[in-house]
Amino acid sequence: MDYADDRDELNELMQVRRDKLQDLYDLGIDPFGEKFERTHTAQEIIDGFDNLENEETKISGRIMSMRTHGKASFADLMDHTGRIQLYFRVNSLGEEGYALLQKLDIGDILGITGKIFRTRRGEISVEVLDLKFLSKSLRPLPEKWHGLKDVDLRYRQRYVDLIVNPGVREVFETRSKIIQSMRSFLSDRGYFEVETPTLHVIAGGASARPFTTHHNALDMDLYLRIAPELYLKRLLVGGFDRVFEIGKMFRNEGISTKHNPEFTMCELYMAYGDASDMMKITEEIYAHIAQELVGSTKIVFQGQEIDLTPPWPRKPMLDAIEEYSGVDLRGLDDSQARQVAKEKGLQVEPNALYSQILDEFFDVFVEPNLIQPIFITDHPVEVSPLAKRKKDNPSLTDRFEPFIVTWEVANGFTELNDPIDQEQRFRQQVAQRDLGDDEAHMMDEDYIRALEHGMPPAGGLGIGIDRMVMLFTDSPSIRDVLLFPHMRPRS
RNA sequence: GAGCCAUUAGCUCAGUCGGUAGAGCACCUGACUUUUAAUCAGGGCGUCCCGCGUUCGAAUCGCGGAUGGCUCACCA
């Protein structure tokens with residue numbers, strides 16, 4: 001087999017690497033070696049140097065830079081813990097062994113057997129006694145100093161981004177820690193982790209357009225779930241006391257710095273509880289994770305200090321609107337609300353509903369001001385079809401949304417457990433659907449049936465994991481916290 | 001979906017008035033046995049995002065398209 005083939009289609013840099021590959025084969029060396037058992041990681045050698053000096057070690061990783069000096073050379077080897085310097089000397093490797101360096105490229109993955117020592121300049125290093133090619137790299141890496149900056153390439157070729165931009169790995173390590181931390185937090189409090197279907201016959205539990213797919217054997221269309229809510233509450237009917245699920249949701253909507261078509265949410269439900277329990281747990285989870293990650297409940301996001309220390313203030317939506325817009329929307333009907341909105345310079349559809357105008361007021365006047373954590377509560381019943389009405393005002397619900405740095409980071413409420421009210425709410429949603437609102441709920445007869453068996457009063461909460469990770473990793477774009485964010489295919 | 005901006009060597013970027021493309025890193029050749037953005041000498045590398053047009057001549061101007069970024073709209 002001629003590994004230096006296809007020369008016409010390769011640029012010079014790749015041709016050179018193919019030639020070296022062929023040279024290795026000619027020398028009887030497998031450039032794509034086998035299992036290599038390391039004894040230390042780079043970080044272990046650096047941390048444990050005092051006890052390891054002059055010891056033999058086996059380490060593996062990728063060559064990230066080389067400095068050759070005639071009969072002695074230096075290279076940096078990177079593994080998942082960090083970098084360590086390699087020192088090659090013709091005296092220790094012999095003429096033949098040392099000559100192999102000519103076949104070495106930045107990006108090659110090596111298995112090194114060597115001796116741990118410190119150079120004259122003080123750098124902890126490994127003097128190479130034997131090197132094995134574990135994988136020859138046939139493509140050049142981006143430049144050592146500037147790395148890979150082109151965000152398009154960074155997302156499309158995340159593997160390269162991860163190799164050359166060390167901060168990227170940290171973000172995803174933090175993401176993993178956050179999810180682990182959330183799991184143990186909930187599990188420690190008696191929450192039981194479950195998995196519910198992602199293929200739904202009825203896409204319910206949120207107001208969003210679903211993705212549609214098709215089951216061939218059953219010859220039926222199915223939806224990718226927009227929320228796990230209705231299944232999790234069926235489990236409360238079934239007798240589970242506290243449940244949670246962490247998983248992907250799919251919503252067929254726009255892509256932005258805060259939206260990806262698939263995103264991760266944690267939903268949890270507490271039987272015999274209510275919204276106030278959920279607000280408490282929201283604050284506690286955020287504070288707990290902050291404490292674990294940075295050892296403080298104060299964090300910095302994009303240069304702003306955010307104080308996550310509980311308790312967070314709570315403010316009814318209508319109070320917040322009055323505070324920031326100066327307008328009291330309480331008790332208005334649809335047309336009065338439209339009139340007030342026009343006076344404040346908002347764009348309103350000619351037949352906009354009161355609840356929609358409320359939403360618009362909130363988005364324009366309130367949201368941009370919500371930097372520090374705050375719970376906005378008491379949403380109108382029309383936009384909260386699964387939440388229980390407030391006892392003292394049946395047009396509002398016992399619902400809350402926490403905001404941090406102007407983002408809605410979660411959504412929770414006291415769950416509606418009255419099957420008759422629920423059925424009426426669904427009917428209203430279906431009516432809106434018929435009027436062209438394709439984000440309104442569909443009727444879910446089986447869910448009503450489940451409620452008819454009796455669901456305990458309960459609090460429920462959904463936390464957006466991606467936004468939480470953005471906040472804790474100081475990432476301004478959701479794409480920075482997704483390993484492989486959605487991209488249009490490149491032609 | 002709309003507006004604005006970007007796309008030039010493997011990577012990071014220059015490119016003046018429209019005159020036919022440059023730097024650094026990386027790469028190749030040589031020197032160098034403790035360097036670390038190693039150094040020194042020499043070298044080569046381009047679908048200037050794609051297509052059409054204007055022009056004697058287009059990386060540069062015009063039109064259309066692709067991809068990305070930001071803002072807005074929808075949403076978590």
Side-chain angles (χ1 to χ4, degrees), chain A residues 10-17 19-20 64-76 83-93 98 102 105-107 117-125 127 137-157 160-161 163-165 205-209 226-227 248-267 347 356 359-360 363-364 367 383 401-403 407-412 437-439 462-468 470 476-479 485 487-491:
Chain A
L10 302 173
N11 68 37
E12 184 208 334
L13 296 179
M14 288 183 67
Q15 283 172 21
V16 165
R17 285 171 183 240
D19 289 344
K20 290 179 182 176
M64 295 305 291
S65 64
M66 286 201 284
R67 298 172 290 283
T68 60
H69 296 256
K71 294 191 164 64
S73 299
F74 296 88
D76 289 328
R83 292 189 184 206
I84 189 152
Q85 181 170 263
L86 302 180
Y87 176 49
F88 302 86
R89 226 157 54 115
V90 68
N91 306 36
S92 5
L93 284 163
Y98 193 79
Q102 289 167 4
D105 284 302
I106 289 169
F117 78 112
R118 196 193 282 273
T119 63
R120 199 180 287 164
R121 296 287 179 95
E123 178 145 354
I124 293 166
S125 307
E127 181 175 355
S137 165
L138 299 179
R139 279 182 189 274
L141 285 172
E143 196 221 337
K144 60 182 173 186
W145 196 240
H146 297 94
L148 187 64
K149 281 192 170 165
D150 185 324
V151 289
D152 186 24
L153 285 178
R154 285 187 48 222
Y155 297 143
R156 286 181 199 278
Q157 301 178 21
V160 177
D161 190 29
I163 293 168
V164 300
N165 295 326
S207 299
R209 278 202 301 269
I226 56 175
K248 281 282 181 72
M249 306 303 144
F250 305 88
R251 298 189 185 175
N252 208 340
E253 282 152 1
I255 297 173
S256 79
T257 48
K258 288 190 271 312
H259 301 86
N260 195 63
E262 52 181 299
F263 65 100
T264 303
M265 194 157 68
C266 173
E267 278 205 8
Q347 290 197 331
Q356 292 169 326
D359 238 27
E360 184 68 12
D363 286 352
V364 171
E367 228 178 64
V383 294
E401 289 177 317
F403 284 80
W407 305 338
E408 182 191 339
V409 294
N411 179 23
D437 180 357
D438 51 7
E439 288 176 6
I463 297 177
I465 298 293
D466 308 282
R467 287 186 185 176
M468 182 185 248
M470 287 167 71
S477 167
I478 196 170
R479 294 183 150 189
M487 302 288 278
R488 279 178 215 238
R490 238 178 176 175
S491 49

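Here is the naming used below: chain letters follow the sequence lines, and residue numbers restart at 1 for every chain.
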Most 5' of A:Ala208 and A:Lys149 on RNA chain B, judged by nearest nucleotide: A:Lys149
A:Arg89: partners by side chain to side chain donor-acceptor pair (under 3.5 Å), with sequence neighbours left out: A:Glu127
Between B:rC63 and B:rU54, how far apart are the two C1' atoms, rounded to whole Å? 11 Å
Is the phosphate of B:rA66 approached by A:Arg488 (side-chain N or O, under 4.0 Å from OP1 or OP2)? no
Interatomic distance at C1', B:rC13 relative to B:rA21, whole Å: 14 Å
Between B:rA31 and B:rA9, how far is it from one P atom to the other, in whole Å? 33 Å
Between B:rU34 and B:rA14, how many Å separate the two C1' atoms, rounded to a whole number? 37 Å
NA contact type, A:Asn252, heavy-atom cut-off 4.0 Å: base, sugar-phosphate, or nothing? nothing
Counterpart residues, salt bridge (charged side-chain N to carboxylate O under 4.0 Å, His left out), relative to A:Glu408 (two or more places apart): none
With the side chain counted from C-beta on, respond yes when A:Met64 and A:Ile163 share a heavy-atom pair under 4.5 Å apart, and no when they do not. yes
Pairing pattern in dot-bracket form [Watson-Crick, G-U; both distances under 3.5 Å; | = partner strand] for RNA chain B: (((((((..((((.....[..)))).(((((.......))))).....(((((..]....))))))))))))....
Under 4.0 Å, counting only non-hydrogen atoms across every strand here, what does A:Arg83 touch: a base, just sugar-phosphate, or nothing? nothing
Just do the salt bridge (charged side-chain N to carboxylate O under 4.0 Å, His left out) check on A:Lys258 and A:Asp466 with the steps written out, would you? CA-CA 9 Å; A:Lys258 288 190 271 312; A:Asp466 308 282; over 6 Å; no
For the residue pair A:Phe117 and A:Tyr87, does the interplanar ring angle fall in the parallel (under 30°), tilted (30 to 60°) or perpendicular (over 60°) class? tilted
Measuring only the P atom in each nucleotide, how far is B:rU16 from B:rU7? A whole number of Å is fine. 12 Å
Heavy-atom check, side chain of A:Ile255 versus side chain of A:Pro261, under 4.5 Å: yes
Whole-angstrom distance between B:rG64 and B:rA73, as gauged at atom C1': 26 Å
Could you tell me which residues satisfy ring-ring contact (aromatic ring centres under 6.0 Å, His included) with A:His146, sequence neighbours excluded, listed by chain and number? none
Ignoring hydrogens, what is the shortest heavy-atom contact between A:Leu148 and A:Asp161? Give both atom names and the distance. CD2-N, 4.2 Å
The contact string for nucleotides 25-35 of chain B, one letter per nucleotide 5' to 3', using protein heavy atoms under 4.0 Å with B, S and - for base, sugar-phosphate only and none, comes out as BSBS---BBBB
Does a side-chain N or O of A:Arg154 approach OP1 or OP2 of B:rG68 to a distance below 4.0 Å, or not? no
What integer number of Å spans the P atoms of B:rA2 and B:rU55? 32 Å
Treat primed atoms plus P, OP1 and OP2 as sugar-phosphate and everything else as base, then score nucleotides 69-74 of chain B 5' to 3': B for base contact with protein heavy atoms under 4.0 Å, S for sugar-phosphate contact only, - for none. SS---B
Below 4.5 Å, heavy atoms only, C-beta onward: do A:Arg479 and A:Met487 meet side chain to side chain? yes
Do A:Ile478 and A:Met470 have side chains that get closer than 4.5 Å, going by heavy atoms? yes
Tightest non-hydrogen contact, residues A:Phe250 and A:Ile226, listed as O-CG2, 3.3 Å
Considering all heavy atoms, the nearest A:Ala410-A:Pro402 contact: O-CD, 3.3 Å
C1'-based separation of B:rA59 from B:rG18 [nearest Å]: 11 Å
May I ask you to say what A:Gly147 touches in the nucleic acid, namely base, sugar-phosphate or nothing, with a heavy-atom cut-off under 4.0 Å? sugar-phosphate
